[in-house]
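Following: one structure in structure tokens, then a few remarks.
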Amino acid sequence: MANTELEEVIYQATLKSGDHGLTTEDLQKDHPELSLGDVADALNVLSNKKLINFFSVRGILVYKAVKKEEASKLGSLEGDEQLIYQHIKASGNEGIWTKHLKAKTNLHQNIIMRCLKTLEQKSLVKSIKSVKNPTRKLYMLMELTPSIEVTGGPWFTDQELDVDFVEQLTNQCYKYILTKSFPRDSSSIYTMAHTTYPTAASIRRYIIEKRISQVDLTVEDITMLLDVLVYDGKIERFLSTVDEDWEDEDEGSTDWVYKAVRTKTADSASSKIVLLALAVLIAITLLSSTTLAMPLPAPDDGVSGAPADTQLYERHDGDAELDLVSRKGVHSSRVASYGACYTLDERVWDDTSYLSVKTKDTICAIYSDDSCSDGSILVKNRNHVDVPRVTPGPVAFRCWKDEKK
Amino acid sequence: MSANENRLCKLIVREHFGPIVEKVANALLRKGRLPVGLISAATKLTQAQVRESLVVMIQHNIAVYAETQERARIVTYYDVNRLAILHRAQIPKMLFYTQEWFEKDGALVAQSVMAHGKMTMKDCIKDILATRSTGATKNDKRSQALTAAFTRMVKERCLVAVRPSDSVSQVDRDMEEEKRETSKSVMPLTATELAKIRKTMAQSKEAERDSANIVGLKRKLNAVSELDDWDDFENGDKRRKTGSVAISEEVEDDVYFRVNFERFIIRWRNIKISELIEGRLNATAKAIMLTLLTLAESKMLVCSEEFSKAVSSVQILNGLAQDVNLADTLAFNESELGVHDAKPSLSECLDKYMDVLEEDLLKITKKDQGRSGQYVVNLKQAAKVMKHRVIEGMVSTRFGGHYVRIMNMLLEKGKSEEKQISKWAMMPVKDVREKLTTLYTFGVLNMQEVPKSADRAPSRTFYLWEVLPDRACEALVEKLIHTMANLRQRRFVERSKRHVLLEKCERTDVQANDGLLNMGDKRELEALNNMLEMLEVQELRIADMVMTLRDF
């Protein structure tokens with residue numbers, strides 16, 4: 001057997017054994033025809049080519065194969081560079097600091113710096129900065145992505161907490177929860193039977209669908225944001241009462257649901273001042289012993305405020321016909337006027353139903369949020385559409401006449 | 001007991017009783033209890049002046065005395081009652097609410113009683129009729145109306161009877177009583193016996209306080225009541241019809257009464273709890289809460305009780321005002337609606353509201369144990385929430401929302417280090433550090449050092465931060481009292497700046513004819529009045545916060 005063939009056989013055998021490595025006995029068991037001397041020669045050659053590494057496990061010599069592409073990288077490196085490369089590789093996606101590298105390799109600082117420079121030039125390693133110690137320069141292999149420990153997760157850009165990003169996202173979360181926490185009529189509240197308060201998972205879905213964040217966020221990330229909102233006193237969290245039965249089955253995954261806290265309205269605060277001012281006024285009138293004939297204005301209850309979408313229930317003249325269709329048939333239908341923004345109540349719109357819009361000469365746009373803002377458009381420029389319910393939140397639509405026609 | 005509190009007390013006394021009484025009060029505030037001789041030495045006033053001042057203060061329930069035997073003679077010591085002085089800052093608010101609850105007559109009664117410190121019902125009515133006479137013919141009717149108002153206020157414990165013993169200081173009264181008990185036995189008492197005596201004394205005191213009958217009211221048999229049924233105040237109405245005779249309650253003629261601020265504070269607390277609920281839920285929930293608390297009020301005697309008396313939902317339904325909208329302010333699930341989307345009945349709606357209140361995350365309302373349909377209010381918890389709200393409000397208006405976030409987080413998580421705080425609050429460490437020190441100096445936070453090495457170098461020390469609500473309350477009350485004193489002092493300064501104008505206004509000829517004031521004077525006077533009103537409103541608002549933080 002030619003030497004090169006023998007080398008190839010041994011190399012393939014070691015490669016096959018993978019991370020466990022191969023001992024001489026294993027090799028002889030598989031290939032009894034090989035003589036030990038030939039094997040030793042071949043291993044030496046392979047080792048010179050950096051295709052094989054030797055390890056000693058409990059006194060027994062173990063061989064491990066090195067992939068060819070890696071070997072070619074290593075082949076071009078000098079001894080010190082190799083050593084440093086090995087250490088950097090061992091540090092994985094955590095990276096290693098130059099000081100630690102120095103302690104481990106016992107090389108001089110200058111040599112390490114030189115080696116790192118060449119390694120960087122060959123684009124084998126890269127330097128990164130850790131969130132924890134922004135002044136330290138960490139090195140890791142080029143092809144690896146830094147771990148969350150090092151980058152700090154989605155909230156960090158350039159090793160700094162992206163305060164604006166966090167603020168924006170928390171605001172969006174709060175708005176979403178607020179719309180889900182109270183009925184449209186601002187003076188009423190949900191009964192205990194209402195259970196569709198949002199969870200972290202549903203908020204995540206909302207953020208992904210609305211494309212609010214460019215970064216991929218996990219449920220844990222969202223939970224962090226929601227915790228912050230809880231501490232801000234803007235929302236509250238509690239355990240959903242419905243899922244108690246199967247809570248026992250998957251222990252550990254407690255499902256928090258979130259509910260917004262009503263912020264104090266400005267007029268209640270001002271009415272309080274008025275009240276105190278009246279108190280002073282009365283005291284003055286009493287103490288200055290004038291008559292108490294001054295009539296007191298009736299206490300201001302605060303403006304109850306008509307529901308924002310009263311026009312929804314009024315019939316307007318227009319050409320758009322809107323039907324909410326479910327499996328049972330047409331659920332509700334109404335005629336829309338041009339330009340007005342309509343919001344569909346989520347409660348009458350279940351998963352199986354879809355919205356059917358027929359128009360004569362109008363153009364209809366459907367939005368995936370209830371603000372009719374142009375950023376969230378789902379369907380546009382058609383005069384007949386059926387929109388299935390894809391989004392969990394409310395859907396708004398607006399019809400208007402095509403000016404060009 | 002702080003310098004700020006002393007200053008505020010002093011200023012209140014100056015405004016209400018003048019500079020000489022202020023001197024006496026100041027000496028007592030700063031030095032504690034003193035006999036007349038020492039007060040006169042400390043104030044450089046004559047003994048007669050001191051005595052007169054003390055009479056004024058005792059008459060107005062802000063001073064007490066104690067007699068102790070020192071060798072052969074009996075020495076009388078005098079002391080001030082700080083709490084009573086501080087309550088006087090709330091007089092305008094008290095008068096406003098008496099007008100709300102007992103109408104104009106009630107306010108007149110309260111004002112008259114307040115002006116005289118303590119007085120009997122006869123004197124009070126005579127005083128009101130004298131100052132606001134409406135002609136002799138109407139006087140009879142007026143005095144009847146005023147009697148009714150006075151009686152109602154006594155029944156609802158807004159006025160309480162004062163006994164001679166109330167002018168003796170509480171500590172001395174207790175000591176006296178203890179002495180009487182201990183002197184019964186010949187042998188010196190053991191510690192356990194003494195403890196037992198103290199315990200029975202405390203119990204009997206509590207029993208006296210909790211007893212339903214009100215001192216100063218006597219029962220009277222009336223012929224069948226063609227008298228109109230007056231509004232009954234839960235169990236205040238003791239009138240029982242027996243055959244053709246009814247028992248009604250009347251105020252005794254020779255008993256003196258004073259305004260009971262504790263009752264007002266309890267009522268204000270109840271109003272605040274219902275406002276808290278309104279903020280979280282809606283106006284209907286507020287009305288329900290207020291009804292619940294009003295029904296339970298007669299059994300509330302001190303602010304520190306933990307739970308209110310149990311009230312059934314039937315009582316609440318009967319007690320609710322007619323215009324409270326129960327059904328339309330709930331958003332029902334489809335499953336809760338009847339056929340043709342019919343809404344549930346009123347009592348069902350109320351039950352749903354009670355469910356919502358009970359499940360509310362503040363945990364203020366809860367079902368009474370063992371009895372169904374009975375609800376109690378956790379007053380301690382409500383007070384805790386309200387205190388927290390006040391602190392939160394102060395922190396957020398003064399510093400901003402981020403500070404509130406840190407505070408709330410520390411409250412929930414307990415002692416934490418700045419790195420953890422920065423992670424949870426999602427703020428950079430350097431911002432967190434700055435905010436923590438700001439909050440620390442403001443008095444909200446508490447810091448604990450944990451050194452890693454014996455040398456206690458700052459770099460090798462953990463700094464753990466936490467919020468201790470009680471301590472935070474104390475620190476903020478201190479700040480608020482300081483502000484109140486400043487506002488009050490400012491009023492004096494503003495007035496003294498324009499004393500020439502004010503003196504001119506008080507001249508009898510000017511009072512008779514305000515044409516004697518020129519335009520500039522009038523403008524100046526108006527500006528002054530506006531400013532004084534603003535300062536007064538501010539002070540009342542702060543007094544409100546102090547009340548929440550300290551008295552609830």
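Reminder, nothing fancy here: chain letters follow the sequence lines and each chain counts from 1.
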- 4.5 Å side-chain heavy-atom contact, B:Arg280 and A:Val261: yes
- Task: Taking all non-hydrogen atoms of both residues into account, name the closest pair between B:Leu330 and A:Ser188 and its distance.
- Result: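 That would be N-CB, 4.0 Å.
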- Item | Distance-minimising heavy-atom pair for B:Lys413 and A:Tyr231 |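 It is CE-OH, 2.8 Å.
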Distance (rounded to the nearest 0.5 Å) between [X] [atom1] and [Y] [atom2]:
{"X": "B:Asp351", "Y": "A:Met192", "atom1": "CG", "atom2": "CE", "result": "13.5 Å"}
{"X": "B:Leu361", "Y": "A:Glu236", "atom1": "CG", "atom2": "CD", "result": "4.5 Å"}
{"X": "A:Met224", "Y": "B:Trp424", "atom1": "CE", "atom2": "CH2", "result": "10.5 Å"}
{"X": "B:Met426", "Y": "A:Phe156", "atom1": "CE", "atom2": "CZ", "result": "8.0 Å"}
{"X": "B:Met409", "Y": "A:Asp232", "atom1": "CE", "atom2": "CG", "result": "10.5 Å"}

- Task: Apply salt bridge (Lys or Arg N to Asp or Glu O under 4.0 Å) to the pair A:Arg237 and B:Glu412, showing each step before the final yes or no.
- Result: CA-CA 13 Å; A:Arg237 79 177 154 212; B:Glu412 194 191 296; 3.3 Å; yes
- Would the number of heavy atoms belonging to other residues, nucleotides or ligands and lying under 6.0 Å from CD of B:Glu526 be above 12? no
- Item | A:Lys175 atom NZ, neighbour heavy-atom count above 12 within 6.0 Å |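 Incorrect, the count does not exceed 12.
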- Message: Which one wins on heavy-atom pair count under 4.5 Å against chain B: A:Leu225, A:Ile189, A:Asp227?
- Response: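 Highest number of pairs under 4.5 Å: A:Ile189.
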- Message: Does any backbone or side-chain atom of B:Ala283 lie under 4.5 Å from a heavy atom of chain A? Answer side chain, backbone, both or neither.
- Response: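 Neither part.
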- Heavy-atom proximity to chain A below 4.5 Å, by part of B:Asp431: neither
- Please state whether the side chain, the backbone, both or neither of A:Val228 comes within less than 4.5 Å of a heavy atom of chain B. both
- Heavy atoms only, distances under 4.5 angstrom: which of B:Asn325, B:Asn282, B:Val404 has the most pairs with chain A? Name it, please. B:Asn282
